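So the structure is just underneath, and the comments pick up after that.
A quick note: this is a predicted structure, and the numbers were derived from the prediction, not measured.
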Amino acid sequence: MPTSRLSFKEMCARYDVTPRTLRYYEYIELLSPEREGRARFYSGRDQARMTLIMRGRRFGFALEDIRQWLLIYEKEGTAAQMQAWVELADRQMKELAEQRRQLEETMDELQRLRDETAASLK
């Protein structure tokens, strides 16, 4: 887990997010930076959470699912969080499999129409 604090600008750069995104994550209570006047500083805890948030987004999880998952750790501990992760991952795998099926169906249809069109040109 990172130990040094990062400024707002450093967080945006490290995680390749816009200032708007970082402010939104704070607004929906995914992150809770320390404030010194108008400046925000992100602790090792916030950086670890941001890593998990970014990973969750990459896998297609909704921000609310990620928020609830992070809350489980705070309220119920690691074992409960890991169990919730398995359930979230299972659900997401089903969703991704369905998206893959639909994409393959669409690609097959497009290929068929393309081939018919190409054949009509001969």
Side-chain angles (χ1 to χ4, degrees):
M1 176 184 295
T3 54
S4 61
R5 295 185 330 161
L6 295 180
S7 69
F8 185 84
K9 187 175 180 179
E10 290 168 331
M11 276 291 279
C12 289
R14 175 169 291 175
Y15 294 98
D16 194 25
V17 295
T18 65
R20 182 179 179 184
T21 296
L22 200 54
R23 283 191 296 272
Y24 182 68
Y25 289 174
E26 183 180 342
Y27 174 75
I28 63 172
E29 300 176 346
L30 287 171
L31 303 172
S32 53
E34 301 165 25
R35 292 181 179 271
E36 293 177 12
R38 291 179 46 99
R40 294 177 176 99
F41 293 96
Y42 297 84
S43 66
R45 176 184 179 273
D46 282 318
Q47 293 169 57
R49 288 172 68 95
M50 188 65 170
T51 297
L52 293 172
I53 293 163
M54 298 305 291
R55 187 175 297 151
R57 295 300 290 154
R58 182 173 154 258
F59 292 139
F61 293 112
L63 285 174
E64 181 57 22
D65 287 338
I66 295 168
R67 192 177 77 76
Q68 291 297 322
W69 181 71
L70 291 170
L71 281 173
I72 290 170
Y73 174 77
E74 293 174 10
K75 295 181 180 188
E76 301 175 43
T78 303
Q81 186 184 43
M82 290 169 65
Q83 181 60 45
W85 167 250
V86 169
E87 292 167 11
L88 276 171
D90 287 346
R91 188 178 78 212
Q92 189 63 12
M93 289 294 291
K94 287 178 185 170
E95 177 66 29
L96 290 172
E98 176 58 21
Q99 289 176 10
R100 178 192 298 161
R101 185 194 66 73
Q102 290 175 5
L103 182 58
E104 287 173 353
E105 187 177 290
T106 300
M107 290 174 65
D108 289 346
E109 183 178 353
L110 179 59
Q111 184 68 51
R112 182 183 56 75
L113 289 171
R114 179 246 173 245
D115 292 348
E116 288 175 6
T117 302
S120 72
L121 295 173
K122 293 180 183 177

Any ion pair linking E98 and K94 (charged N to carboxylate O, less than 4.0 Å)?
no

Can you confirm whether F8 sits close enough to P33 that some side-chain heavy atom of one is under 4.5 Å from a side-chain heavy atom of the other?
no

Shared hydrophobic cluster, L52 / Y27 (ILVMFWY, side-chain heavy atoms < 4.5 Å)
yes

Atom CZ of R100 with >12 non-hydrogen neighbours under 6.0 angstrom
no

Inter-residue atom distance M93.CE - L96.CG, 0.5 Å rounding:
7.0 Å

Expected output: side-chain D46 to main-chain S32 donor-acceptor under 3.5 Å:
yes

When rounded to the nearest 0.5 angstrom, what distance separates CZ in R23 from CZ in R20?
9.0 Å

Using the test side-chain contact (heavy atoms from CB on, under 4.5 Å), find all partners of L30 that sit at least two apart in sequence or belong to another chain.
Y25, I28, I53, L63, I66, R67, L70

Working note: R14 + Q47, criterion side-chain hydrogen bond (donor to acceptor under 3.5 Å, both in side chains); need CA distance, chi angles, decisive distance, verdict.
CA-CA 9 Å; R14 175 169 291 175; Q47 293 169 57; 2.9 Å; yes

Test: salt bridge (charged side-chain N to carboxylate O under 4.0 Å, His left out). Region: residues 76-92. Which pairs qualify, not counting sequence neighbours?
D65-R91

Nearest-0.5 Å distance, CG of residue D16 to CE of residue M11
12.5 Å

Neighbour count >12 (heavy atoms, 6.0 Å) for atom CD, E29
no

Determine whether more than 12 heavy atoms belonging to other residues, nucleotides or ligands lie under 6.0 Å from atom CZ of R112.
yes

Check whether any side-chain N or O of W69 sits under 3.5 Å from a backbone N or O of A84 as a donor-acceptor pair, and report yes or no.
no

Could you state the interatomic distance from CG (D108) to CD (E105), rounded to the nearest 0.5 Å?
8.0 Å

Side chain to side chain contact (heavy atoms under 4.5 Å, CB included) between E36 and R5, worked out
CA-CA 12 Å; E36 293 177 12; R5 295 185 330 161; 2.9 Å; yes

Salt-bridge present (R114, E109; N to O < 4.0 Å):
no

Distance only, no hydrogens: is a donor on one side chain within 3.5 Å (strictly under) of an acceptor on the other, for S120 and T117?
no

Let me confirm one number: the NZ-CZ distance from K9 to R40, rounded to the nearest 0.5 Å.
15.0 Å

Check E26, E34, E10 against Y42 for a side chain to side chain contact (heavy atoms under 4.5 Å, CB included) and give me the one that passes.
E26

Under-4.0 Å salt bridge between E74 and R45
yes

Could you check, using the six-membered ring where one of them is a Trp, whether W85 and Y73 have ring centers closer than 6.0 angstrom?
no

Minimum heavy-atom separation for C12 to L22, with atom names?
SG-CD2, 3.7 Å

Roughly how far, to the nearest 0.5 Å, is CE of M54 from OH of Y15?
9.0 Å

4.5 Å side-chain heavy-atom contact, L88 and Q68
no

Following the transitive rule for hydrophobic clusters with a side-chain heavy-atom cut-off under 4.5 Å over Ile, Leu, Val, Met, Phe, Trp and Tyr, establish whether Y24 and V17 coincide in one cluster.
yes

Would you say the side chain of R55 lies within less than 4.5 Å of the side chain of M50, judging by non-hydrogen atoms?
no

